[in-house]
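Nothing here was measured: the structure is a model prediction, and the numbers come from that model. Letters go in sequence order (proteins before strands), and every chain restarts at 1.
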Number of protein chains: 2
Amino acid sequence: MNVHDPDYRAVTLADVARLAGVGESTVSRVLRNQGSFSKRTEGRVAEAVASLGYVPNRLAGMLAGSQSTAGAKLVGIVIPSLANVVFPDLLSGAASVLDRDGFQSVIGVSDYDLGREETLIGALLSWRPAGLIVTGLEHTDGALARLRASGIRIVEMIDTDGPGLDIVVGFSNRAVGRDSARHLLARGYRRIGYVGHDVTRDLRAGKRLAGFTETLTEAGVPLHDREIAPGASSAAAGRAALDRLLARTPDLDAVYFSNDDMALGGYFHCLAAGLAIPDRLALFGFNALDITAAMPQPLATVRTPRRAIGAMAAERLGDGGPSEVIDLGYDLIPGATA
Amino acid sequence: MNVHDPDYRAVTLADVARLAGVGESTVSRVLRNQGSFSKRTEGRVAEAVASLGYVPNRLAGMLAGSQSTAGAKLVGIVIPSLANVVFPDLLSGAASVLDRDGFQSVIGVSDYDLGREETLIGALLSWRPAGLIVTGLEHTDGALARLRASGIRIVEMIDTDGPGLDIVVGFSNRAVGRDSARHLLARGYRRIGYVGHDVTRDLRAGKRLAGFTETLTEAGVPLHDREIAPGASSAAAGRAALDRLLARTPDLDAVYFSNDDMALGGYFHCLAAGLAIPDRLALFGFNALDITAAMPQPLATVRTPRRAIGAMAAERLGDGGPSEVIDLGYDLIPGATA
DNA sequence: AATCAGATTGGCAGCGCTGCCAATTTCAGT
DNA sequence: ACTGAAATTGGCAGCGCTGCCAATCTGATT
């Protein structure tokens, strides 16, 4: 007997009620441990549930419960990618809070494509979630319209550089860029280069770079040269890009990378090319991936509170407070490569 | 006006039907592009949808559609973690197929805890998915019971070393271990050690180790020594564990790691300690993470078809074929570290 | 002009569960 | 034994949508 048999019918709450000899609403109350019922009833119901192998149908439950505020225990989350550690971290931070509060989440991956993000937002909204967590502040007009029209709590996470829709949780990427530049300047580097990946897709990396060059320029030490690798960030892309950059501009004394993956690639290039770090060339990354702490020379990078951002985003989804921007900051890790 | 206003009511299909001046079922047909309707009707409906900002309620749709086979376009996926690249890869492989077929997926993360997996399976089943993808072959009795009772298609992915429930997609971890051992033996290594992480949680790593030691023993070159790091795998754990292992057993000439993260840590240890690779010590990993190809000396490792496994798992979810085991194999990458 | 297959359409009964409300039971305090 | 408040319980109307079926319309054919 399975779902494909033409006359298959799942066990329903009504079946349980019948077997237990109680009303449907009583079973519902017992199952949700809400309202009052006697110990005896609870026992009967538990027994019936066990003997029938009853599994509640959450679809029906949510539909029915959607009329009340307490109903929809569901949230939607949109992230650009799963390949970059950042996002799984954000997700697990959010999951820890969501689990605690008994929320389910439906996740959409936009693949750094704002058009696809708009589609995903529409799809997630059709689940009638109690709230939505999206990544970044940049969205298509259509996406913004849908988000506004939804009338639900929206949390934009990671980035605080710009106007948000409702709740914004994250840190300033621009400030990260500025601080990174300040750090390199303080260490005495003056011929500074940049190695990044496709910024049209990863807008946050673009903001860091903007802050970085801004500070350099203010200090009278403009960015010496830059190399942008096409496609997503990766160690291989970082290694190849640094190679190209140095071939063109050998006199650099420090390189700022769009993130740690790229920086790790750069590190490998230096090892392979026999360039002393940080004396011949300093390296600076972003994200503080776990792996960078295990390097022979810990990478100079910036640690972002990823899990905390995810957790805070989930936290704020629930409350009905006013719109606000929550800056969770970041830490600059000096490391040994810059 | 938003969801929290006491008298808020979402736009429903009935509202659209009224505005468009057609019946509800007609709107439903147009929206799902199913059945027949005139161009004129389609236009009216599209107009009404746009003007009202209507978003279909998938909860209701699935509930209503659940009676038919075509209804529930939903699948559940359970993975042990998001922190290990392997799982996001599996997920995106599955997503590519699921998207194509118009399926939604709900994901659960068990955190390598079989008890938690059982709970998650129950939770996912309550969404009445058309099928479920789980990780590995080991499950609690309770989980197995629920899976069997569900009557839906179950796909167990990654591991083919053991009896499956229904469809199994993956490769043999044991064979990976054996081939890895064979490779090291062929290269002439004879004092071989192992550095791993908590095997009680990562059962697949345990199977690889079993196959590995088995082959070594058969060759009359039993595993020389081993060091197990507590907790999850990471570069830091691998680095520290290799350090401990070598302190105790300095005469090793090769080390097999539970995966690339650990191996990368081992690589860093060798760099820091000035151990020549592979002459003084050979390193062998597992997973073929992208990053290992960017290393000065590409890591010797085994590439697993992660995206393909995810895609195949999703593919099989749909068909009604008989239970079977699908072995997608793997590639041994010689690299330059062994 | 009559006929008929095929295209188009609307009505309505559920899908399984929860919220509301009224009915019934229980029980401590007279 | 009697009373009122509190605890417990069941009935039933939806939640918003889809499937089924009968009704209506269209156009070509005879």
Side-chain angles (χ1 to χ4, degrees), chain A residues 3 6-45 49 52 54-74 125-128 130, chain B residues 3 6-45 49 52 54-74 102 125-130:
Chain A
V3 131
D7 56 348
Y8 172 83
R9 300 222 31 276
V11 178
T12 71
L13 188 150
D15 298 324
V16 176
R18 208 170 306 124
L19 213 193
V22 300
E24 296 185 27
S25 20
T26 301
V27 176
S28 176
R29 274 186 298 258
V30 172
L31 258 30
R32 283 175 302 141
N33 194 37
Q34 187 191 97
S36 66
F37 46 83
S38 66
K39 271 274 170 262
R40 197 160 121 280
T41 303
E42 180 172 8
R44 283 174 186 290
V45 171
V49 165
L52 292 172
Y54 171 68
V55 177
N57 184 331
R58 188 130 32 190
L59 252 27
M62 294 203 141
L63 215 214
S66 64
Q67 23 191 337
S68 77
T69 316
K73 286 280 205 175
L74 184 73
L125 248 22
S126 74
W127 287 93
R128 292 288 186 277
Chain B
V3 131
D7 57 348
Y8 171 83
R9 300 223 31 277
V11 179
T12 70
L13 188 149
D15 297 325
V16 176
R18 206 170 308 123
L19 212 195
V22 300
E24 295 186 27
S25 23
T26 301
V27 175
S28 176
R29 272 187 299 258
V30 172
L31 257 29
R32 284 176 301 142
N33 193 35
Q34 189 192 95
S36 65
F37 46 82
S38 66
K39 271 274 170 261
R40 197 160 122 281
T41 303
E42 181 172 9
R44 281 174 187 293
V45 171
V49 165
L52 291 172
Y54 170 68
V55 177
N57 184 330
R58 185 128 37 188
L59 251 27
M62 292 203 145
L63 216 216
S66 64
Q67 24 193 337
S68 76
T69 316
K73 285 281 205 175
L74 184 73
L125 248 22
S126 74
W127 288 93
R128 293 287 187 278

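The residue B:S36 sits close to a base: some heavy atom pair falls under 4.0 Å.
Atoms CZ (A:R32) and C1' (C:dG19) sit 8 Å apart, rounded to a whole Å. Rounded to whole Å, the distance from CG on B:N33 to P on D:dT18 is 13 Å. A:R40 places its CZ atom 9 Å from the P atom of C:dT26, with the value rounded to the nearest Å. If you measure from atom CG of A:L59 to atom P of D:dT18, you get 12 Å, rounded to the nearest angstrom. When the P atom of C:dG16 is taken as reference, atom CG of A:N57 falls 7 Å away, rounded to whole Å. Whole-Å rounding puts the A:L31 CG to C:dG16 C1' distance at 12 Å. Distance, B:M62 CE to D:dT18 C1': 13 Å, rounded to whole Å. Separating the CG atom of B:L13 from the C1' atom of D:dC15 is a distance of 13 Å, rounded to the nearest angstrom.
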Test log, rule side-chain contact (heavy atoms from CB on, under 4.5 Å), inputs A:V49 and A:L31: CA-CA 9 Å; A:V49 165; A:L31 258 30; 4.0 Å; yes
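Not one side-chain nitrogen or oxygen of A:T12 sits closer than 4.0 Å to the OP1 or OP2 atom of C:dC15. Checking the phosphate oxygens (OP1, OP2) of C:dC15, no side-chain nitrogen or oxygen of B:R128 falls inside 4.0 Å. Between C:dT18 and A:Q34, no contact under 4.0 Å exists linking OP1 or OP2 to a side-chain N or O. For D:dT9, the OP1/OP2 oxygens have a side-chain nitrogen or oxygen of A:S38 closer than 4.0 Å. Between B:S28 and the phosphate of D:dT18, there is a side-chain N or O to OP1/OP2 separation shorter than 4.0 Å.
Listed nucleotides C:dC17, D:dT9, D:dG16 differ in distance to A:A60; the shortest reach to its side chain belongs to C:dC17. Between C:dG10, D:dT8, D:dG11, one nucleotide has an atom nearer to the side chain of A:S25 than all others, and that is D:dG11. Across D:dT9, C:dT8, C:dC17, the shortest atom-to-atom separation from the side chain of A:T41 is found for D:dT9. The side chain of A:Y54 lies closest to C:dC17 when the candidates are D:dG16, C:dC17, C:dT9.
Listed here is the closest heavy atom pair of B:T41 and B:V22: CG2-CG1, 4.1 Å. Considering all non-hydrogen atoms of both residues, A:P56 and B:S126 come closest at O-CB, 3.1 Å. B:W127 and B:L59 get closest at one heavy-atom pair: CZ3-CD1, 4.5 Å.
The structure places NZ of B:K39 at 15.0 Å from CZ of B:R44, a figure rounded to the nearest 0.5 Å. B:F37 contributes atom CZ, which lies 10.5 Å from atom OG of B:S28 (distance to the nearest 0.5 angstrom). Interatomic distance, CD of A:E24 versus CZ of A:R18, reported as 8.0 Å (0.5 Å rounding). For the atom pair B:N57 CG and B:M62 CE, the distance stands at 11.0 Å (nearest 0.5 Å). Summarising the geometry, atom CD belonging to B:E42 is positioned 12.5 Å from atom OG1 belonging to B:T26; distances are rounded to the nearest 0.5 Å.
Each end of the helix from C:dA1-D:dT30 to C:dT30-D:dA1 gets its own axis, taken as the rotation carrying the C1' atoms of four end pairs onto the next four within a five-pair window, and the two axes meet at 40° to the nearest 10 degrees.
Within the 4.5 Å cutoff, no side-chain heavy atoms of B:R128 are placed close to those of B:L63.
Taking the nucleotide of DNA chain C with the nearest heavy atom to each of B:E24 and B:F37, the more 5' of the two is matched to B:F37.
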Review item, nucleotides 21-27 of chain D N/O atoms under 3.5 Å of protein N/O:
none

